[in-house]
Structure formats: structure tokens, C-alpha cells
Enquirer: 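What follows is a single structure, and I will ask about it in a moment.
On a predicted model such as this, the values are computed, not experimentally measured, just so you know. So that the names make sense, note that chain A is the first sequence line, chain B the second, and so on, each numbered from 1.
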2 protein chains.
Amino acid sequence: MGGDVIDFYFDFASPYAYLAAGRVDGLSQRVGRPVRWRPILLGAVFKISGGQPNLNKPLQGDYLRLDVPRCARLWEIPLHQPLPSPFPSLAASRAFYWLDQVGGEHSPAALARAVFQAHWAEGRDMALPENVLDVAASLGLERDAVEAGIAQSQVKDRLRAETEAAIARGVFGAPFFFIGHEPFWGADRMDQMEDWLQRGGW
Amino acid sequence: MGGDVIDFYFDFASPYAYLAAGRVDGLSQRVGRPVRWRPILLGAVFKISGGQPNLNKPLQGDYLRLDVPRCARLWEIPLHQPLPSPFPSLAASRAFYWLDQVGGEHSPAALARAVFQAHWAEGRDMALPENVLDVAASLGLERDAVEAGIAQSQVKDRLRAETEAAIARGVFGAPFFFIGHEPFWGADRMDQMEDWLQRGGW
């Protein structure tokens, strides 16, 4: 079954990653496995895989504006209407890894949940670093420390390295999960992932 | 809610269309709506939408060889191992529309189910017209009549016209469903479609 962790790769910019984030804690509890949250830059993935954001595809983009709200309703996940746009997620992703690096009482996953919620449920634009700082501050983090943290070159390098590691592992979209060597792609594969685990793998 | 029929667009060549075909009759019964089966040529759709068969994509192709069997197991649908290849589905699709045209006691949907089953569950290559004729004969159809039927220019035209009509309606992949104006894409959206119907639409 390959390790006991669920690796959860996502880009804050993806509405399907937001939906997955809303389902992953429940899944984790039911299957008794911790989740390792890993924000990545989907743009870098697409440069390798030849993919592109679904919202930019002529027919799929329109479809997505129906599918995402239907998924949210089915899975009982709050969603802002009209659907917020994908956004450059650099600041949010760097804040995540800065927090991961400094350790302490604040959980990077809690920050990730809050950023997702602010953008996709509340419609606050997380492209803007000051909005990310607001979210961090609302969790009790020191705003100035986060601001300095996301400017550190080692934090920027970490995000790049995590993205490259994900690509090397075979991630070609988001949300993307690994349980050991077994890949699962999409918020809509979480039921399958649970089924797979409950059967003990293949 | 837009009409009372579930329009089901598929290419016999798609493993996900096969999985959808294995789920659509149950869905139809539960929601009390008939299914209109519509084989199309996905290659023509991709020429317009810029898509390509997932199996041909470098990373997604490998992923699909894991995902299709996992879906089949989750949905309890028989699947040949190793996974059969997609195939040129001209003969099968033409046989479907020939049968649709001549009417009579034999159901085109029954032929579609049998072709899907032969290729994806039994591993019989439905690219070959003679194998399609065998399947038709096993349902009690006259082999010679089917052979002559799939060579008719009006049958060939019908398949082309159905594919063009699907594209005009917004179909950009397969399996693809419409309930009135509401599009649903993928075997993995059938739960969502059922949920959507049970809620009475939006």
C-alpha cells in the first residue's frame, strides 16, 4: 500500500483543488491516514505536460463554470458566486512553505485551508499578497513576519523544488494525490481512492 | 429541466464511454428517464476542440491504464485485462445507425451494449468489421444485411451528421451527456447528473 501518508498536490489557483481541499480531511479521518499538503505551481507542470488551465480551453472553460458549482453542491462545499477566477498563487504558496519551514504552533495546512476558503468561498482575491497576509494574520500569524518570509530566496527555492519534485514523481495536473506509488488525479477520484484503500490496494 | 430524455454521446473507442454505458441503464431506471444513445466519432470532435485521445498523452496515457481498471472495479463493470486499445469505431457506429434507420424489433442500444462488451470486457477487436458483424449476428441480426447496411452512403452520412450535431451542441469529449441544455462530461459525472436531476435542476 506504499507508506501511510496521502500526498496531496494542489495549486491554490485551481477550483478543483479547492473542492479537493474541502474533502481531504474527511477522507483522511475515514481511512486513518495523515495528509501531506503540497502546494505547487501548476503553470510549471503544464510547461512539461503540455496541459493548460481548463478555464482557458474554449469549450471546457464554459463547461467548468457549470461543473464546479454542481460538484460543490454535491459535496456540500461552500462556493462563491459568480465563480472566482484562477489566480497567480505565488504569494500563498510561498507563505505555506515559509510556515512549514519555521515550524511552531501554526499549521501550514490550516493556512492552506484558510487561503482556499478566502478565495473560492468568500471571493477575496488571493493573487494579492496583502490579502494573503490578511488571511495569515487572521490565524494569529505575525503579518510582518509572513511578509518578510515570502520574500526569502530559500522560500522561493523551496516552492520551485517542490514543484519540480512533483513533476518528477508524475504529477500532471491538480489536485493530484499519491499513496505510495499509486497516483490519483482529480477531486472526483477521492471516492475511488477511498475504495482503493479499503480494498487494500490492487 | 429541459426535456425528459438523457442524451448519451459516446465513441465506442473510449474506455470511459464503455464504463458510462455500463452505468447508464441503472441511472435511467432510477431517475425515470429514457436514454438516447448517440455514437459519434471523437476524432472529428478533437479536430474542432483541439483535444486528443488521453491514451496518446505521455503522462495521462499511463495514468489511464490505472484509472480505468480502478473505475471499473469501483462501479463493478467487467473489464478485459490487459486493457484493450481504443480502436477505429466506424463499422460499429455505422451498424448502430443502420439499425436505427431500419427500425424493427432489434434495438440499436442493445447492439451498442454488445459491441462495448465484446471489445472492452472480452477483448475482441471491434476495429474489424467482421467482428462487428459477428456481434450483430449473435443478437439475431442478419449478417449480410448488416454488412450491406454499413456500406450505404446514407448511413455513413448519418454518422457524420450526428457527430456534427453533437459538436454544434457543445460536445467536446466522450462520454458526454445532455439533459436539455445541461451538459455533463464523463462517466464520473453520472452521480452528479443523478443528484442534479433529483434536486430538480439548478
Enquirer: May I ask you to say whether A:Glu164 pairs ionically with A:Arg160, meaning some side-chain N is under 4.0 Å from a carboxylate O?
Expert: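 Salt bridge flag = no for A:Arg160 with A:Glu164.
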Enquirer: Give a yes/no verdict on a cation-pi contact between A:Arg169 and A:Phe176, requiring under 6.0 Å between NZ or CZ and the six-membered ring centre and an angle within 45° of the axis.
Expert: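 Here A:Arg169 fails the 6.0 Å and 45° test against A:Phe176.
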Enquirer: Under 6.0 Å from the CD atom of A:Glu147, do we count more than 12 heavy atoms belonging to anything else shown?
Expert: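 It does not: A:Glu147 CD has 12 such atoms or fewer within range.
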Enquirer: Side chain from CB out, backbone as N, CA, C, O: work out which of these in A:Arg73 comes under 4.5 Å of a heavy atom of chain B, or both, or neither.
Expert: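 Contact with chain B is through both the backbone and side chain of A:Arg73.
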Enquirer: Once the angle between the rings of A:Trp196 and A:Phe184 is folded into 0 to 90°, is it parallel (under 30°), tilted (30 to 60°) or perpendicular (over 60°)?
Expert: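 Ring orientation of A:Trp196 relative to A:Phe184: perpendicular.
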Enquirer: For each of A:Asp195, A:Asp62, A:Asp67, tally heavy-atom pairs with chain B at distances under 4.5 Å, and name the one with the top tally.
Expert: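 If we count pairs closer than 4.5 Å to chain B, A:Asp67 comes out on top.
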Enquirer: Which region of A:Trp185, side chain (C-beta onward) or backbone (N, CA, C, O), has a non-hydrogen atom less than 4.5 Å from a non-hydrogen atom of chain B, or is it both or neither?
Expert: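 Both parts, backbone and side chain.
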Enquirer: When heavy-atom pairs shorter than 4.5 Å are enumerated against chain B, which of A:Glu182, A:Arg189, A:Arg70 gives the highest number?
Expert: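 Heavy-atom pair counts peak at A:Arg70.
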